[in-house]
Protein chains: 2
Amino acid sequence: MAQRSCCLIDREMPSLDTGRMRQLAALARALADETRLTLLALLVQQKEPLCVCHLVERVPVGQPTVSHHLRILRQAHLVTVERRGTWAYYQATPLARAALAALEQVLAEQVAT
Amino acid sequence: MAQRSCCLIDREMPSLDTGRMRQLAALARALADETRLTLLALLVQQKEPLCVCHLVERVPVGQPTVSHHLRILRQAHLVTVERRGTWAYYQATPLARAALAALEQVLAEQVAT
DNA sequence: CATCTGTATCGACGTTTGTCAATGCATTTC
DNA sequence: GAAATGCATTGACAAACGTCGATACAGATG
């Protein structure tokens, strides 16, 4: 038991910040749904804020579900809302643009490999 | 009903490739767990492949669970295995390095905002 | 050869998650 | 003012997910 045979040398393994890992996982979880990602992509391609009714039209789920996903995106700081009268206008944050671009880039790398 | 009042002008909304969205979501889902992300981060910091027993020591879950997560990472092309005798040596792929770096960068942007 | 060890798989369990129908509320529209 | 509309919330439900203990199996160790 003195020395395991699997790896003769001791691995240098700096400890990881679990708080940071939790944050990263939370961010990934906010992106880990097709519907949510589609909503986000729609918002990212728009310069002007978009109201919920238009989003509902573009996604194969009901309005309450869209509302639910938008809340999750909001809590992850990926979108912001501005209410004008009855309508709610959503907008992608710079964070969302970065996140989506990052995922796309990783996917491109996956294809290339 | 002729024209909705929410947005007077019609939005130009190019259709999104649902297949691509599904792929992106799958990738995000593979990253959307703290334990998995920690395993991946450990592998990314290593130059040499790492055996499972060392990974198990570094994460607060049992060996079967680590094995389960490693399978998911494998299926997402984020790690590769090489079996040598009883031992299984895991290694992060370039895709994993890109993905983790991307997430970190996005998080940094979140803090800055 | 017999035992021990490292890893993967299986079955079960509790939790989380995505979706919907129903409802509520605020504001617009007539 | 009354009806209609846009959005959020609630409660319910099924599916997906993370974890564990038990087990299987291959290869190492003695």
Side-chain angles (χ1 to χ4, degrees), chain A residues 1-8 11 18 21-22 25-40 43 49-76 79-91, chain B residues 1-8 11 18 21-22 25-40 43 49-76 79-91:
Chain A
M1 168 84 63
Q3 178 74 7
R4 259 201 306 243
S5 333
C6 58
C7 303
L8 295 178
R11 290 297 175 183
T18 69
M21 287 299 124
R22 201 186 314 276
L27 176 60
R29 224 179 306 118
L31 300 168
D33 178 83
E34 190 183 341
T35 303
R36 216 145 52 216
L37 224 43
T38 303
L39 292 173
L40 202 59
L43 289 170
L50 216 54
C51 66
V52 177
C53 54
H54 278 152
L55 289 171
V56 171
E57 288 174 353
R58 290 314 214 91
V59 131
V61 298
Q63 173 266 316
T65 302
V66 169
S67 215
H68 172 232
H69 285 310
L70 288 173
R71 167 156 58 175
I72 291 175
L73 292 175
R74 235 185 299 141
Q75 290 170 341
V79 303
T80 57
V81 218
E82 179 196 357
R83 297 210 63 143
R84 276 203 290 268
T86 317
W87 299 280
Y89 294 89
Y90 280 81
Q91 197 166 198
Chain B
M1 166 89 61
Q3 178 76 5
R4 260 201 303 243
S5 333
C6 58
C7 304
L8 294 178
R11 288 300 176 180
T18 68
M21 286 300 123
R22 200 186 314 277
L27 177 60
R29 224 178 306 118
L31 300 168
D33 178 82
E34 190 182 341
T35 303
R36 217 146 51 216
L37 224 44
T38 303
L39 292 172
L40 202 59
L43 290 170
L50 216 54
C51 67
V52 178
C53 54
H54 277 152
L55 289 172
V56 171
E57 288 175 352
R58 289 315 215 86
V59 132
V61 298
Q63 174 267 317
T65 301
V66 169
S67 215
H68 173 234
H69 285 309
L70 287 173
R71 167 156 60 176
I72 292 175
L73 293 175
R74 234 184 300 140
Q75 290 170 340
V79 302
T80 57
V81 218
E82 179 195 357
R83 296 211 63 145
R84 278 203 289 267
T86 314
W87 297 282
Y89 294 89
Y90 279 82
Q91 197 166 197

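Residue numbers start from 1 in every chain, and the chains themselves are labelled A, B, ... in the order their sequence lines are given, proteins ahead of strands.
Side-chain atoms of B:Arg36 come within 3.5 Å of backbone atoms of B:Ala30 as a donor-acceptor pair (strictly under, hydrogens ignored). Proximity of a side-chain donor or acceptor of B:Thr38 to a complementary backbone N or O of B:Glu34 within less than 3.5 Å is detected.
With rounding to whole Å, A:Glu57 atom CD is found 14 Å from D:dT5 atom C1'. Here C:dT5 presents its P atom at 17 Å from CZ of B:Arg83, a figure rounded to the nearest Å. The nearest whole Å value for the distance from the CG atom in A:Leu31 to the P atom in C:dG18 is 12 Å. A:Gln63 places its CD atom 7 Å from the C1' atom of D:dA8, with the value rounded to the nearest Å. Computed from coordinates, the A:Leu70 CG to D:dT9 C1' distance equals 14 Å when rounded to whole Å. In this structure, the CG atom of A:Leu73 is 16 Å from the P atom of D:dC7, given to the nearest Å. Rounded to an integer number of Å, the gap from B:Leu55 CG to C:dG6 P is 14 Å. For B:Leu50 and C:dT7, the CG to P distance is 10 Å, given to the nearest whole Å.
Evaluation of the salt bridge (Lys or Arg N to Asp or Glu O under 4.0 Å) rule for B:Arg84 yields B:Glu82 as partners, not counting sequence neighbours.
Side-chain contact between B:Ile72 and B:Asp33 is absent, with no heavy-atom pair separated by less than 4.5 Å. Considering only heavy atoms from C-beta on, B:Leu55 comes within 4.5 Å of B:Leu70 through its side chain.
The nearest pair of heavy atoms linking B:Ala25 to A:Leu37 is N-CD2, 3.3 Å. For A:Arg74 against A:Ser67, the heavy-atom pair with the smallest separation is NH2-O, 4.5 Å.
For C:dG6, neither phosphate oxygen OP1 nor OP2 lies less than 4.0 angstrom from any side-chain nitrogen or oxygen of B:Tyr89. Distances shown here put every side-chain N or O of B:Tyr90 at or beyond 4.0 Å from the OP1 or OP2 atom of C:dG6.
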Look for any protein N or O under 3.5 Å of an N or O in nucleotides 13-19 of chain D and output each such pair with its distance, or none.
residue : atom : partner : partner atom : Å
D:dG18  : OP1  : B:Arg36 : NH1          : 3.1
D:dG18  : OP1  : B:Arg36 : NH2          : 3.1
D:dG18  : OP2  : B:Arg36 : NH1          : 3.3
D:dT19  : OP1  : B:Thr35 : OG1          : 3.3
D:dT19  : OP2  : B:His69 : NE2          : 2.4

Dump every N/O contact between nucleotides 26-28 of chain C and the protein below 3.5 Å, one line per pair.
residue : atom : partner : partner atom : Å
C:dT27  : O4'  : A:Thr86 : OG1          : 3.4

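Among A:Leu40, A:Leu50, A:Leu43, the one residue that satisfies the side chain to side chain contact (heavy atoms under 4.5 Å, CB included) test with A:Tyr90 is A:Leu43.
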>> Run the side-chain contact (heavy atoms from CB on, under 4.5 Å) test on B:Leu39 and B:Val79 for me, step by step, so that the C-alpha distance in whole Å, both residues' side-chain angles and the decisive distance to 0.1 Å come before the verdict.
In response: CA-CA 10 Å; B:Leu39 292 172; B:Val79 302; over 6 Å; no
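Among the nucleotides D:dA8, C:dA8, C:dT7, the one closest to any side-chain atom of B:Cys53 is C:dT7.
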